Amino acid sequence: MILPAVNVLSPPRARLTIEVVYDLVCPWCFLGTRRLRRALLARPEILAELVWRPFLLNPDIGPGGVARTDYLARKFGGEDRARRLHATIAEMGRAEGVPFRFERVRQIPPVLDAHRLVRYASGHGLGDAMVDALFVAYFSQGADLGDPHSLGAIAAGLGFAEAPVLRYLASGAEADQVHADNLRAHRLGINGVPCFVVAERHAIAGAQEPEVLERLLDAAIAAGV
């Protein structure tokens with residue numbers, strides 16, 4: 001019997017499933033997902049599958065969204081305090097190549113449809129790219145993620161035909177799945193995002209430094225995943 005050749009210089013890659021619990025209007029999630037990507041680049045021996053799990057930070061926001069100034073006043077007690085926080089986040093973002101432009105964000109939109117669009121893109125193998133495109137559109141360009149035509153344009157930028165995307169968004173398909181993922185996160189005790197769950201058993205919350213995320217990945221591999 002002839003055995004298949006084994007390339008000892010290129011050992012099999014470890015496979016890991018990483019659930020990313022996130023919201024698209026969360027700047028820490030944008031920063032955290034970019035840091036996760038950097039951690040994975042530093043671990044080329046890991047073959048990671050990212051599974052995007054919605055978390056709705058503002059589930060009660062209506063179709064028209066909420067003016068950013070009103071939202072900041074309610075959440076942070078005023079725009080000045082929010083501006084200082086955003087300046088800190090923007091500085092951290094520059095180190096990760098994350099182009100925050102908070103001044104371009106005019107409103108806090110409902111994001112149910114945007115999360116549905118991620119599911120749509122994931123079904124075509126482009127979920128990771130769609131998440132990043134939505135983050136960039138919102139935090140760098142001030143795009144309205146609650147507007148179907150804005151979402152259609154973002155999808156078109158990734159090569160999707162816009163008409164089928166708009167039909168999908170108008171159908172309401174997979175809205176229940178988004179709500180179910182949000183409920184699941186709360187039932188698991190997740191009350192802040194981002195949260196990274198590796199192999200269903202190793203979890204860490206927050207926009208952690210890549211080195212911290214690498215240790216989490218190593219722990220999952222050492223556990224025999």
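Along the sequence shown, residues carry numbers from 1. Nothing here was measured: the structure is a model prediction, and the numbers come from that model.
- A donor-acceptor pair is defined here as one N or O able to donate and one able to accept, closer than 3.5 Å; no such pair exists between the side chain of S140 and the backbone of R101.
- Partners of Y120 by ring-ring contact (aromatic ring centres under 6.0 Å, His included), not counting sequence neighbours, listed by chain and number: H124, F160, Y168.
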**OP:** Under the side chain to side chain contact (heavy atoms under 4.5 Å, CB included) rule, what do L134 and L151 come out as? Steps first, then yes or no, please.
**Re:** CA-CA 8 Å; L134 289 166; L151 295 176; 3.8 Å; yes
Original post:
For D128 and W52, what are the C-alpha separation, side-chain angles and deciding distance, and is it a side chain to side chain donor-acceptor pair (under 3.5 Å)?
Top reply: CA-CA 8 Å; D128 299 359; W52 301 97; 2.8 Å; yes
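- Under a hydrophobic-cluster definition in which Ile, Leu, Val, Met, Phe, Trp and Tyr are linked whenever side-chain heavy atoms come within less than 4.5 Å, directly or via other members, M92 and V212 are assigned to the same cluster.
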Original post:
Run the side chain to side chain contact (heavy atoms under 4.5 Å, CB included) check on I154 and M130 step by step: do they pass?
Top reply: CA-CA 8 Å; I154 294 167; M130 181 61 76; 4.2 Å; yes
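- Pairing each heavy atom of A39 with each of P210, the nearest pair is CB-O, 3.6 Å.
- Residues V197 and T17 fail the side-chain proximity criterion, which asks for heavy atoms closer than 4.5 Å.
- Under a hydrophobic clustering in which Ile, Leu, Val, Met, Phe, Trp and Tyr are joined whenever their side-chain heavy atoms come within less than 4.5 Å, directly or via other members, V198 and V20 fall into the same cluster.
- Heavy-atom minimum distance, R201 versus A223: NH1-O, 4.4 Å.
- Shown here are the ring-ring contact (aromatic ring centres under 6.0 Å, His included) partners of Y138, two or more places apart in sequence or in another chain: there are none.
- For residues 175-199, the set of pairs meeting the ring pair (Phe, Tyr, Trp, His ring centres under 6.0 Å) definition, not counting sequence neighbours, comprises F55-H186.
- To the nearest 0.5 Å, atoms CG (L41) and CD1 (I46) are separated by 11.5 Å.
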**OP:** Test side chain to side chain contact (heavy atoms under 4.5 Å, CB included) on Y22 and F135 and set out the steps.
**Re:** CA-CA 11 Å; Y22 73 110; F135 275 138; 4.2 Å; yes
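- With R116 contributing its side chain and L169 its backbone, the two residues share a donor-acceptor pair below 3.5 Å.
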Original post:
Step by step, would you call D181 with V21 a side chain to side chain contact (heavy atoms under 4.5 Å, CB included)?
Top reply: CA-CA 9 Å; D181 274 342; V21 187; over 6 Å; no
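- For the atom pair CG (L213) and CZ (R37), the distance works out to 12.5 Å, reported to the nearest 0.5 Å.
- The backbone N or O of S150 lies less than 3.5 Å from a partner atom in the side chain of D147, making a donor-acceptor pair.
- For the atom pair I18 CD1 and H202 NE2, the distance stands at 11.5 Å (nearest 0.5 Å).
- Judged as a ring-ring contact (aromatic ring centres under 6.0 Å, His included), and not counting sequence neighbours, W28 has no contacts.
- Of the possible polar contacts, none joining the R53 side chain to the A185 backbone as a donor-acceptor pair under 3.5 Å is found.
- In this structure, I190 and R184 have side chains that are not in contact, with every pair of non-hydrogen atoms separated by 4.5 Å or more.
- Of all heavy-atom pairs between D144 and P109, the closest is OD1-CB, 3.5 Å.
- Using a distance-only test at 3.5 Å, with no hydrogens or angles considered, a donor-acceptor pair links the side chain of Q208 to the main chain of A205.
- Distance CD/E214 to CG/L216: 11.0 Å, rounded to 0.5 Å.
- A salt bridge does not link E49 with R15: none of the charged nitrogens is closer than 4.0 Å to a carboxylate oxygen.
- Connection of V118 to V165 is established within a shared hydrophobic cluster, with ILVMFWY side chains joined at heavy-atom distances below 4.5 Å, either directly or through further cluster members.
- A salt bridge is defined here as a Lys NZ or Arg NE, NH1 or NH2 lying under 4.0 Å from an Asp or Glu carboxylate O, and R43 with D218 meets this definition.
- Listed by first and then second residue, the side-chain hydrogen bond (donor to acceptor under 3.5 Å, both in side chains) pairs involving residues 74-87 are R68-H86, D80-R83 (not counting sequence neighbours).
- In terms of heavy atoms, E162 sits closest to A156 at OE1-CB, 4.3 Å.
- Residues V178 and L183 are members of separate hydrophobic clusters, defined by side-chain heavy-atom contacts under 4.5 angstrom among Ile, Leu, Val, Met, Phe, Trp and Tyr.
- Counting all heavy atoms, side chain and backbone alike, F76 lies closest to A82 at CD1-CB, 3.7 Å.
- At a threshold of 4.5 Å between non-hydrogen side-chain atoms, the residues I61 and L56 do not count as touching.
- Side-chain heavy atoms closer than 4.5 Å link hydrophobic residues (I, L, V, M, F, W, Y) into clusters, and following such links, even through other members, never connects L57 to V111.
- A donor-acceptor pair shorter than 3.5 Å can be found between the side chains of H115 and D23.
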Could you tabulate the donor-acceptor pairs under 3.5 Å formed by side-chain atoms of residues 29-36, not counting sequence neighbours?
{"from": "T33", "atom 1": "OG1", "to": "C29", "atom 2": "O", "distance (Å)": "3.0"}
{"from": "T33", "atom 1": "OG1", "to": "F30", "atom 2": "O", "distance (Å)": "2.9"}
{"from": "R34", "atom 1": "NE", "to": "D132", "atom 2": "OD1", "distance (Å)": "3.0"}
{"from": "R34", "atom 1": "NH1", "to": "G97", "atom 2": "O", "distance (Å)": "2.9"}
{"from": "R34", "atom 1": "NH2", "to": "D132", "atom 2": "OD1", "distance (Å)": "3.4"}
{"from": "R34", "atom 1": "NH2", "to": "D132", "atom 2": "OD2", "distance (Å)": "3.2"}
{"from": "R35", "atom 1": "NE", "to": "E96", "atom 2": "OE2", "distance (Å)": "3.4"}
{"from": "R35", "atom 1": "NH1", "to": "A207", "atom 2": "O", "distance (Å)": "2.5"}
{"from": "R35", "atom 1": "NH2", "to": "E209", "atom 2": "OE2", "distance (Å)": "3.4"}

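- The structure places CZ of R215 at 8.0 Å from CD1 of I204, a figure rounded to the nearest 0.5 Å.
- Note that CG of L117 is 9.5 Å distant from OG of S122, once rounded to the nearest 0.5 Å.
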